[in-house]
Amino acid sequence: MDDVQDERGDAAPVVLVIDGNSLVHRSFHAQARTASHTADGRPCWAVRGLLMQLVAAVDRIRPAAVVVGFDDPGKSVRRDRWPTYKATRVDKLDSLIDQLQCAVEVLRELGVAVVVPPGLEADDVLASTAAQAARLGATAVVVTSDRDAFALIDDTTRVLRIINGGVEASPLMNADRLVMLLGIRPEQYRDYAALRGDPSDNLPGVRGIGPRTAARLLQEFGSAAAAFADRDAVRTKFGAGLAAKLADPAARAAWELNCQVMTMHADVPMDLDLVAGPGVLPLPADAVARVFREHQLVWSVNEALCVLASADPDRLEQPRAPLPSWIEPSDGFARPRLPKLPARRPEPAQLSLFD
């Protein structure tokens, strides 16, 4: 990433802030076939995936501190205010609920700063951490698979958007890359998302306006409010059909509602201390070794100690355990190791930012 320089000319410290719900959900589905459990019988495959992605993200970004945010599982300010928000989602499986709670406990045991804001969501932790990091003269890298985090991108905040292929294959998004991807600036992303809508959160967009039309409107007018305010110009540049859609009172109501629901809280109380606070690296080596062994990540203990606890690899007492034959370690997810065919080389995988 482009380093932000402080007044002394040194690279500013980086805070890695992780969307815990997002990564646990991805790992829950990606590793479900392993059905891994701890020695005391608790499901742990999603927690294992989260731990491996934590190591990969820290190794790639090299932050000064790590913060992980989770949704409040018991209360939602947004659902209380807007009862239809996420109303169409099915209930979480008990094994997922258990692992979300377990992830909070495990990360705290590691020494990572974990924030579960009362009534709020992981997104609010991301926004609040990024804001406080900037006030402390640091930069932030947000780790999530949720595109809503694009709204947080600015001069001091980047987004590592997790896609298929794991941390190593995921793009580190800044303002210029967002323009290349979607044709809009970060400060326009909330308008873009509000116009388009988000079916997964039960937030319908403006009828008849999809991602491309939303981006074109924002490129032309700068904001959705300006487009709604100048329907004559919309008619001239885009035609009577789109102008009529924006003239419908339901269109503006949908956009305004979505903007309110999608706005992240940037004022979650944070005790961010980049010198000696929770989450400051290196983490305690004994905690790292214990947690990884308890979750059957024996072959990754040495790597975790080096990355998270700054251990000297030449002084580690136990050599790295050999990988089981069915593990591919490249992205932290267990999958069958395919035989290599000497007659032809495989084509590189085609990855999409929208995966």
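Along the sequence shown, residues are numbered consecutively beginning with 1. In this text, all values refer to a predicted model and were calculated from it rather than measured experimentally.
Proximity of a side-chain donor or acceptor of Asp19 to a complementary backbone N or O of Ala122 within less than 3.5 Å is not detected. Thr84 places no side-chain N or O within 3.5 Å of a backbone atom of Ala87 that could act as its donor or acceptor partner. In this structure a side-chain-to-backbone donor-acceptor pair under 3.5 Å is missing from Trp45 to His37. Checked by atom type and distance alone, the side chain of Thr213 never pairs as donor or acceptor with a backbone atom of Ile209 at under 3.5 Å. In this structure, Gln132 contributes its side chain and Ala266 its backbone to no donor-acceptor pair below 3.5 Å. Formation of a donor-acceptor pair under 3.5 Å by the Ser170 side chain with backbone atoms of Ile163 is found in this model. With hydrogens and angles ignored, the 3.5 Å screen pairs no side-chain donor or acceptor of Arg207 with any backbone N or O of Lys245. Panel note: side chain Arg79, backbone Lys86; no donor-acceptor pair is recorded below 3.5 Å. Within the 3.5 Å criterion, the main-chain N or O of Ala30 finds a donor-acceptor partner in the side chain of Arg33.
Sequence neighbours left out, the pairs with a member in residues 55-74 that pass salt bridge (charged side-chain N to carboxylate O under 4.0 Å, His left out) are Asp59-Arg62.
In this structure, Pro63 and Leu281 approach most closely via the heavy-atom pair O-CD1, 3.4 Å. Minimum heavy-atom separation, Ala140 to Ala130: CB-CA, 4.0 Å.
Side-chain contact between Ile162 and Val167: present, with at least one pair of heavy atoms (C-beta onward) separated by less than 4.5 Å. In this structure, Pro211 and Leu182 have side chains that are not in contact, with every pair of non-hydrogen atoms separated by 4.5 Å or more.
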**Message:** Applying salt bridge (charged side-chain N to carboxylate O under 4.0 Å, His left out) to Asp123 and Arg78, what does each step give before you reach the verdict?
**Reply:** CA-CA 12 Å; Asp123 285 351; Arg78 289 179 175 87; over 6 Å; no

**Request:** Carefully, step by step, assess Val68 and Val143 under the rule side chain to side chain contact (heavy atoms under 4.5 Å, CB included).
**Result:** CA-CA 9 Å; Val68 183; Val143 183; over 6 Å; no

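Using a cut-off of 4.0 Å between Lys/Arg side-chain N and Asp/Glu carboxylate O, Arg89 and Asp201 are scored as salt-bridged.
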